[in-house]
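Data first, discussion second: the structure below is written as structure tokens.
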Amino acid sequence: MKNEQMPPAILGITGIAGPIIAISFILIDVGVSPWFLWSRNALSDLGVHQYGYLFNSGLIVEGILNVFFVISLKRIGIARYVQAMMIASGLSLAMVGVFNEHFGYIHLLFALIYFILFPVSIIIASASATLPGSLRIYGIAGSATAIAVIIVGIGFVFHFVTIKNVGLAVPEFIEAVILALWSIFAGLVVYGTDKNKVSNRSVS
């Protein structure tokens with residue numbers, strides 16, 4: 001495939017910006033919500049109060065930016081079907097913000113799709129030899145950890161797992177940070193592809 005047909009590497013920046021925006025909005029929402037307790041609440045509780053637009057809009061923005069980011073992953077050899085899985089998970093994240101906690105099982109369904117599908121797709125992508133070794137290692141180890149963490153979170157939801165002074169928000173936030181770090185790392189790799197090509201041309 002010709003270079004000009006490849007998505008621009010600058011789209012990799014969306015993989016950096018999206019999770020930073022979402023996590024920042026979540027933490028701001030926590031900061032303006034004295035009622036919110038990490039020992040009792042779920043993150044989704046932040047989407048149904050006076051400042052719920054902070055939490056919801058953060059997720060919607062990240063979900064939309066994720067689509068552009070995933071398109072850019074073609075530059076580092078991630079297969080189309082894996083890209084499709086990642087796009088589906090990103091759109092599901094946006095839907096978590098659109099269909100907040102008041103929508104009950106619809107909200108829960110979209111949240112589960114994101115929290116399970118995104119790490120699974122990262123693990124599949126990490127099996128590719130086209131990715132840098134460090135990105136592959138983190139992708140597999142981090143995503144496996146994220147899946148284990150969210151299984152614990154699912155246990156909280158259905159009451160077959162309880163941990164003293166730990167609410168559902170804790171495993172949710174841990175997984176969000178793990179997945180955010182992968183997106184940021186991958187975004188930096190994508191963005192750096194053009195700079196590496198320019199340097200190689202200069203040397204040759």
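Keep in mind the model is a prediction, meaning the values are calculated, not measured.
Taking hydrophobic clusters as Ile, Leu, Val, Met, Phe, Trp and Tyr residues chained together by side-chain heavy-atom distances below 4.5 Å, I163 does not share a cluster with L37. Hydrophobic clustering of Ile, Leu, Val, Met, Phe, Trp and Tyr side chains at less than 4.5 Å, counting indirect connections, keeps L54 apart from V98. In the hydrophobic cluster analysis, where Ile, Leu, Val, Met, Phe, Trp and Tyr join through side-chain heavy atoms closer than 4.5 angstrom, I123 is grouped apart from I137. Clustering ILVMFWY residues whenever any of their side-chain heavy atoms sit less than 4.5 angstrom apart, transitively, puts I140 in a cluster other than the one holding I184. The hydrophobic cluster containing V96 also contains I174, counting ILVMFWY residues as joined when their side-chain heavy atoms lie under 4.5 angstrom apart, directly or transitively.
Annotation: the span from I28 atom CD1 to I23 atom CD1 amounts to 12.0 Å, rounded to 0.5 Å. To the nearest 0.5 Å, atom OG of residue S72 and atom OH of residue Y191 are 12.5 Å apart. Atom CD1 in I26 sits 9.0 Å away from atom CD in E172 (nearest 0.5 Å). With rounding to the nearest 0.5 angstrom, the CD1 atom of I106 is 8.5 Å from the CG atom of L109. Note that the CD1 atom of I151 and the CZ atom of F156 stand 13.0 Å from one another [nearest 0.5 Å]. Atoms OG1 and CD1, from T145 and I150 in turn, are 13.0 Å apart once rounded to the nearest 0.5 Å.
In terms of heavy-atom proximity, D45 sits nearest to W35 at O-CH2, 3.4 Å. Closest non-hydrogen pair, V190 versus A9, comes out as O-CB, 3.3 Å. The two residues S33 and L46 have their closest heavy-atom pair at OG-CD2, 4.0 Å. Annotation for F118 and S89: closest pair CD1-OG, 3.4 Å, computed over non-hydrogen atoms. Closest heavy-atom contact between S143 and I122: OG-CG2, 3.1 Å. Across W182 and G139, no two heavy atoms sit closer than the pair CD1-CA, 3.6 Å.
Considering only heavy atoms from C-beta on, R80 comes within 4.5 Å of K74 through its side chain. No side-chain heavy atom of I16 sits under 4.5 Å from any side-chain heavy atom of S183. The side-chain heavy atoms of I78 and T130, taken from C-beta on, include no pair separated by under 4.5 Å. I76 places a side-chain heavy atom less than 4.5 Å from the side chain of L73. L179 places none of its side-chain heavy atoms less than 4.5 Å from the side chain of P19. Using a 4.5 Å cut-off on side-chain heavy atoms (C-beta onward), L108 and F103 make no contact. Within the 4.5 Å cutoff, the side chain of P171 has heavy atoms near those of the L168 side chain. Counting heavy atoms from C-beta outward, W38 and L43 have side chains that approach closer than 4.5 Å.
Judged purely by atom type and a 3.5 angstrom limit, E101 has no side-chain atom pairing as donor or acceptor with the backbone of V48. A distance-only check finds a donor-acceptor pair linking the side chain of Y138 to the backbone of I178 [under 3.5 Å]. In this structure a side-chain-to-backbone donor-acceptor pair under 3.5 Å is missing from R136 to L131.
Below 30°, between 30° and 60°, or above 60°: for F110 and F99 the angle between ring planes is below 30°, a parallel geometry.
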Inset, instruction - Assess whether side chain to side chain contact (heavy atoms under 4.5 Å, CB included) is satisfied between F69 and L11, documenting all intermediate values. - result: CA-CA 6 Å; F69 167 57; L11 287 179; over 6 Å; no
Inset, instruction - List the steps, then state whether side chain to side chain contact (heavy atoms under 4.5 Å, CB included) holds for F185 with L181. - result: CA-CA 6 Å; F185 191 3; L181 289 174; over 6 Å; no
Inset, instruction - Decide yes or no on side chain to side chain contact (heavy atoms under 4.5 Å, CB included) for Y81 and I124, but give the supporting numbers first. - result: CA-CA 10 Å; Y81 77 95; I124 295 172; 3.4 Å; yes
Inset, instruction - I would like to know whether L59 and Y114 meet side chain to side chain contact (heavy atoms under 4.5 Å, CB included); could you show each step before the answer? - result: CA-CA 11 Å; L59 299 190; Y114 169 72; over 6 Å; no
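Within 6.0 Å of CZ on F68 lie no more than 12 heavy atoms contributed by other residues, nucleotides or ligands. Other residues, nucleotides and ligands place no more than 12 heavy atoms under 6.0 Å from the OH atom of Y105. Few gaps surround CZ on F36; more than 12 heavy atoms of other groups in view lie less than 6.0 Å from it.
The residue from L27, D29, I21 that alone fulfils the side chain to side chain contact (heavy atoms under 4.5 Å, CB included) condition with F25 is I21.
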Please tabulate, for the side chains in residues 60-67, all donor-acceptor contacts under 3.5 angstrom to protein atoms that are two or more places apart in sequence or on a different chain.
| from | atom 1 | to | atom 2 | distance (Å) |
| --- | --- | --- | --- | --- |
| N66 | ND2 | M86 | O | 3.0 |

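Applying the side chain to side chain contact (heavy atoms under 4.5 Å, CB included) test to A94 and every residue at least two apart in sequence or in another chain returns nothing.
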